[in-house]
There are 2 protein chains.
Amino acid sequence: MTSPRPFRLTPQRAAVLRAVHDASDHPTARDIFARVKPGLPGIGFATVYRTLNLLVEHGEVRELRVGEDPVGRYDGDTGRHDHVRCAGCGAVADVTVPLPDTVQGDAAAASGFRVDGYELVFVGRCPGCAGERL
Amino acid sequence: MTSPRPFRLTPQRAAVLRAVHDASDHPTARDIFARVKPGLPGIGFATVYRTLNLLVEHGEVRELRVGEDPVGRYDGDTGRHDHVRCAGCGAVADVTVPLPDTVQGDAAAASGFRVDGYELVFVGRCPGCAGERL
DNA sequence: GTCCCTGCAAAAGTTTTGCATTGCG
DNA sequence: CGCAATGCAAAACTTTTGCAGGGAC
């Protein structure tokens with residue numbers, strides 16, 4: 001079992017948790033660092049990263065990597081939902097598109113894997129970028 | 001316009017292209033470097049990366065990043081298909097699960113984005129890892 | 001001759017780790 | 001006291017870029 005170790009809610013951890021939950025733009029670790037820094041000037045990168053990993057382990061926060069961008073993004077909404085990424089500016093938005101119940105079974109049958117879930121990311125253009133080019 | 005520049009098929013490029021097309025395991029740039037090195041001992045990392053980017057631009061190869069792993073993987077199959085990732089060992093396999101035609105329209109309606117496509121990655125356990133734990 | 005390609009080395013960027021210090025319990 | 005958490009600095013990694021040399025056309 002992955003029994004999460006006990007958890008101490010320090011000011012740093014509370015600040016990071018709040019920053020992720022308050023954000024709606026899927027911030028990167030760097031973004032979160034920048035947003036938390038003003039309230040805790042002493043905080044360092046390492047604490048932010050360690051905290052984010054801890055929060056992910058505890059299921060308080062969801063980590064996602066989308067598209068060709070190699071940087072991790074964090075989502076305070078841990079409920080089931082999907083994402084859309086703008087190919088123009090890289091923005092990531094939430095969206096929920098229910099798939100038929102059969103897809104996981106289909107995937108399992110086709111691959112031989114046991115399938116527990118999926119990640120679905122749509123690719124397109126946000127309203128701002130849609131009119132520009134292409 | 002993204003008019004692909006002319007293209008010279010050097011031995012290095014041919015080797016990288018062949019390595020990706022022959023692979024079925026979605027190798028990383030590092031994997032490809034290791035596989036190509038024996039046949040071209042002089043080759044360097046930079047050439048592999050530059051070549052992979054070139055091949056992606058020309059649509060000869062597909063780049064994908066899946067899961068919490070920040071490293072890029074490459075797929076010689078450029079046709080429409082999906083992937084399954086093993087949460088145990090990190091293996092990535094191909095799978096094709098057609099989704100209803102309505103999903104892209106649903107996503108567009110729900111997000112306000114123009115939606116051109118999607119990436120679908122199932123998460124589960126490969127046959128080898130399924131029996132082990134959890 | 002010109003231009004593209006390569007290889008090496010260094011740079012850039014993200015994430016992790018080591019270690020001494022601090023401070024709660 | 002004992003142990004976990006922090007902050008700083010350095011390390012680990014992946015990927016990109018600068019530059020000089022060399023080959024193709």
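Keep in mind it's a predicted model, so treat the numbers as computed, not measured. Quick note on labels: first sequence line is chain A, next is B, and so on, each numbered from 1.
Rounded to whole Å, atom C1' of D:dT14 lies 12 Å from atom CD of B:Glu63. In this structure, B:Phe33 places its CZ atom 15 Å from P of D:dC13, rounding to the nearest Å. Summarising the geometry, the separation between CG on B:Leu52 and P on D:dT17 is reported as 15 Å, rounded to the nearest angstrom. Remark: P of C:dT15 and CD of A:Glu57 are 16 Å apart, rounded to the nearest angstrom. Distance, B:Asp31 CG to D:dC13 C1': 14 Å, rounded to whole Å. Note: CZ (B:Phe45) to P (C:dA10) measures 16 Å, nearest angstrom. One interatomic measurement links the two molecules: CG of A:Leu9 to C1' of C:dC24, which rounds to 14 Å at whole-angstrom precision. Counting to the nearest Å, the P atom of C:dT15 and the CZ atom of A:Arg73 are 11 Å from each other.
When distances run from any side-chain atom of A:Ala46 to the nucleotides D:dT6, D:dA9, D:dT15, the shortest one goes to D:dA9. Listed nucleotides C:dT17, D:dT14, D:dG18 differ in distance to B:Tyr49; the shortest reach to its side chain belongs to D:dT14. Of the candidates C:dT16, C:dT14, D:dA4, C:dT14 carries the atom nearest the A:Arg30 side chain, counting heavy atoms from C-beta on. The side chain of A:Arg8 sits closest to D:dA5 out of D:dA5, C:dT6, D:dT6. Residue B:Val71 places its side chain closer to D:dT14 than to any other of D:dT14, C:dT15, C:dC5.
Note on ring orientation: taking the six-membered ring where Trp is involved, the planes of B:Phe45 and B:Tyr49 are parallel (angle under 30°, cut-offs 30° and 60°).
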> Do B:Val123 and A:Tyr118 pass the side-chain contact (heavy atoms from CB on, under 4.5 Å) test, and can you show the C-alpha distance, the side-chain angles, and the key distance before you say yes or no?
Replying inline: CA-CA 5 Å; B:Val123 182; A:Tyr118 63 85; 6.0 Å; no
> Going through the distances and angles, do B:His58 and B:Phe7 end up as a ring pair (Phe, Tyr, Trp, His ring centres under 6.0 Å)?
Replying inline: CA-CA 9 Å; B:His58 284 254; B:Phe7 191 125; 4.7 Å; yes
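For D:dT14, the OP1/OP2 oxygens have no side-chain nitrogen or oxygen of A:Arg65 closer than 4.0 Å. Taking side-chain N and O atoms only, B:Asn53 has no distance below 4.0 Å to OP1 or OP2 of D:dT15. Contact annotation: B:Thr47 side-chain N/O to C:dG7 OP1/OP2 distance is under 4.0 Å. Phosphate proximity of C:dT6 to B:Thr10: present, with a side-chain N or O under 4.0 Å from OP1 or OP2. The shortest distance between the side-chain N/O atoms of A:Arg13 and the OP1/OP2 oxygens of D:dA5 is below 4.0 Å.
Side-chain N/O atoms of B:Arg50 and base N/O atoms of C:dG7 include a donor-acceptor pair closer than 3.5 Å.
For B:Arg73 (side chain) and B:Val66 (main-chain N/O), no donor-acceptor pair under 3.5 Å exists by modelled atom type.
Side-chain polar atoms of B:His26 and B:Asp31 form no donor-acceptor pair below 3.5 angstrom.
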